[in-house]
Amino acid sequence: MKIVIIGGTAGGAGIAARLRRLDEQVEIIIVEKNPYISWSGCALPYFTGGIICERNNLFLANKEMFDHRFNIKVLDSTKAVGLDRAAKSVQVVSVNSPNAKVESISYDKLVIATGAGAIMPAFAQNKEGVYAMRRIEDADQIKAFVESHDVKHAVVVGGGFIGLEACENLKHRGIDVTLVEKAPQVLTPVDPDIAQYLHRELDQHGVSLKLGIGISDIVKTDAGLTVSLDNGQQVETQLVIMALGIVPQTDFLTDSGLELNERGYLKVADTLQTNDPDIYALGDVVAVQGVPEDRLGTIALAGPASKQSRIAAHNLLGIGCGSEGCLHFKGSLGVSIVRVMSLSAGAVGMNRRALSGQPDVAEVTVHTPHHVSWFEEAKPVHLKLIFNQKTGLVLGAQAVGEVSIDKNLEVISALMQHHATVYDLVDFESAYAPPYSAPRSPVNMAGSCAANVVDGLEDMITVREFEQLQVSEPDLVCIDVRSPDEVAASPIAPNFINIPVDVLRAHHKKTPFDPNKTYVVACQVGVRGHTAACMLRHFGVKKVYNLSGGYVSWCTAHYQLQH
């Protein structure tokens with residue numbers, strides 16, 4: 001059998017190696033448009049920033065290794081330009097010669113792993129000093145341009161993962177940065193309250209943020225580049241990094257009869273098979289059909305692509321597929337993380353925007369040290385949990401902080417793989433020792449807070465919901481239960497009255513709380529607020545809310561950008 005694989009990065013190289021391990025006799029050919037294969041696109045921002053110094057470290061394997069170790073033929077610098085399903089052949093052309101003749105490569109089975117390319121508006125194309133960050137050539141050009149033009153200022157367009165990494169690495173090189181993002185926040189997989197921590201971090205590192213503003217044009221000038229924004233502003237700069245997202249590379253499939261969705265992604269079953277039984281596809285180029293509603297079928301991450309390559313290899317050969325006869329991709333929870341200066345931020349599962357309109361969705365936010373507070377320098381983990389307040393099913397989580405963010409998100413991701421409820425987070429056993437965790441880890445704390453809501457023991461309210469409640473409830477009573485010194489140093493809002501939690505009972509005996517009024521209690525992070533809310537309930541108050549995350553959430557939500 002002859003298997004042709006179009007694309008030689010994470011998905012294509014992965015399935016090629018797996019196929020060889022499963023079958024020594026099958027003929028395998030990789031067609032790759034670049035002059036290299038199996039390279040790390042995720043490393044490019046760090047290479048341009050000088051954190052990764054050796055260019056060779058970007059490559060995980062090469063053509064010679066695939067030949068010698070796996071007996072796999074690699075046709076590099078060769079681009080697929082067409083597909084003839086009737087003849088079972090792929091049309092290819094050499095990218096090194098403008099007059100190269102189109103040739104055909106026959107196949108018995110075909111794998112499409114062409115990935116995705118960077119979105120580049122027409123006004124940004126073919127301009128010196130304007131680059132994407134998708135290919136190794138992009139990184140090479142950015143490094144060379146920065147060094148040859150003594151770049152002092154750059155504009156990054158797009159506040160997703162690549163855009164944020166570009167900001168960090170440009171700042172690492174001593175370059176001033178303006179970040180332009182059309183959405184009102186960076187990193188849209190997280191909710192605005194979590195993104196606000198990143199806004200503050202970028203701002204405090206001198207990055208000028210242009211949020212909620214699009215880009216309309218880039219003009220070359222004698223001094224460099226002029227970037228025009230949708231609001232009429234213009235930014236003078238020397239370098240522009242375009243990080244607007246990606247588009248699947250399926251142009252060569254337009255007339256093939258393979259099914260594409262409305263966004264141009266190749267539609268595959270959860271077996272990774274297309275509508276042609278002899279053609280499989282995986283990675284950034286596919287939209288997997290039939291995955292559960294709470295999971296993603298289109299996700300541009302190397303981890304899911306690697307899993308898909310294993311599934312597709314087994315299904316293609318029919319080896320080790322169990323009683324069902326094939327393996328199935330269960331979709332992705334989308335667990336992802338990014339470093340922004342001294343912070344890390346990430347998410348798993350659904351965010352509030354994706355869950356908009358769905359009933360019974362609730363959230364809690366905890367701010368808790370990554371290990372016991374008295375050991376060395378404890379760093380806060382800001383962890384947000386989204387769940388169904390009736391069933392307790394965990395729907396998603398987001399976290400930001402200096403340390404342990406990956407650890408906590410990975411725990412929740414692992415539990416969500418098995419349809420965890422908030423009670424599973426309460427029961428989770430962490431590896432406790434003072435340098436690593438607390439007896440109750442951030443995951444335990446978030447689970448406990450959420451379980452209180454599911455059990456009807458507490459009503460939480462977010463900063464956003466509290467501000468809406470202030471408008472609708474004119475007789476709202478707001479109580480700050482921190483100490484007078486804490487309140488004096490960092491007040492929440494003027495309408496909060498200060499009654500420390502330790503004197504709440506004495507206050508009630510002297511001046512009873514009105515059981516018919518609505519109360520909001522707040523403390524530093526929510527723990528004392530929970531105790532106060534329990535007291536007020538026992539005092540007969542019918543409606544009392546604990547401000548989720550307390551002062552820390554309030555302060556972050558109201559941070560004013562300086563740049």
Side-chain angles (χ1 to χ4, degrees), residues 1-23 26-44 58-67 69-83 89-93 95 105-117 134-136 246-253 256 258 265-266 268 271-274 276 278-288 298-317 327 329:
M1 179 164 48
K2 182 179 181 181
I3 300 174
V4 175
I5 301 167
I6 308 176
T9 53
I15 190 172
R18 186 65 183 171
L19 286 167
R20 175 57 73 226
R21 294 186 183 104
L22 294 173
D23 191 323
V26 65
E27 180 184 0
I28 304 171
I29 299 174
I30 296 176
V31 177
E32 171 56 52
K33 67 179 182 179
N34 289 304
Y36 44 78
I37 64 168
S38 193
W39 53 281
S40 177
C42 298
L44 295 184
L58 301 176
F59 301 98
L60 308 177
N62 56 36
K63 178 179 179 176
E64 290 72 24
M65 193 197 85
F66 268 80
D67 180 17
R69 184 175 300 178
F70 296 113
N71 188 27
I72 292 173
K73 184 178 181 181
V74 176
L75 301 177
D76 56 0
S77 300
T78 303
K79 183 178 181 180
V81 294
L83 172 63
S89 66
V90 179
Q91 284 72 57
V92 302
V93 65
V95 300
I105 301 175
S106 63
Y107 66 84
D108 295 310
K109 300 285 186 179
L110 179 67
V111 178
I112 299 171
T114 46
R134 188 72 184 171
R135 309 168 304 148
I136 288 179
I246 58 173
V247 59
Q249 296 186 332
T250 53
D251 290 350
F252 73 104
L253 300 174
S256 68
L258 293 181
Y265 287 89
L266 190 55
V268 295
T271 58
L272 286 310
Q273 194 174 48
T274 69
D276 185 320
D278 292 324
I279 301 178
Y280 290 74
L282 53 94
D284 295 359
V285 76
V286 303
V288 183
T298 303
I299 184 72
L301 292 172
S306 178
K307 295 177 179 65
Q308 290 171 1
S309 68
R310 184 181 180 92
I311 291 167
H314 281 254
N315 290 341
L316 195 154
L317 295 174
L327 300 180
F329 180 64

Practice item. With sequence neighbours excluded, give me every side chain to side chain donor-acceptor pair (under 3.5 Å) pair touching residues 4-20. Key: R18-H314
Review point. Atom OG in S306, atom CG in L301: separation rounded to 0.5 Å?
Key: 12.0 Å
Check your understanding: Taking C-beta and beyond as the side chain, do D67 and V74 meet within less than 4.5 Å on heavy atoms?
Key -> no
Check your understanding: Got Q308 and V286 here, is their nearest side-chain heavy-atom distance under 4.5 Å?
Key -> yes
Check your understanding: Between R134 and D284, is there a side-chain N and carboxylate O pair less than 4.0 Å apart?
Key -> yes
Check your understanding: Above 12 or not: heavy atoms from other molecules or residues under 6.0 Å from NZ of K79?
Key -> no
Point to revise | Separation of I29 CD1 from S106 OG (nearest 0.5 Å) | key: 7.5 Å
Practice item. If the plane angle is over 60° it's perpendicular, under 30° parallel, otherwise tilted; pick one for Y36 and W39. Key: perpendicular
Check your understanding: Looking at CD of Q91 and CD1 of I105, how far apart are the two atoms once the value is rounded to the nearest 0.5 Å?
Key -> 9.5 Å
Revision key, fill the gap. Of L83, L110, L258, the one forming a side-chain contact (heavy atoms from CB on, under 4.5 Å) with D276 is L258
Practice item. Working to the nearest 0.5 Å, report the span between OH of Y107 and CD1 of I279. Key: 3.5 Å
Check your understanding: Would one find more than 12 heavy atoms of other residues, nucleotides or ligands at under 6.0 Å from atom CZ of R310?
Key -> no
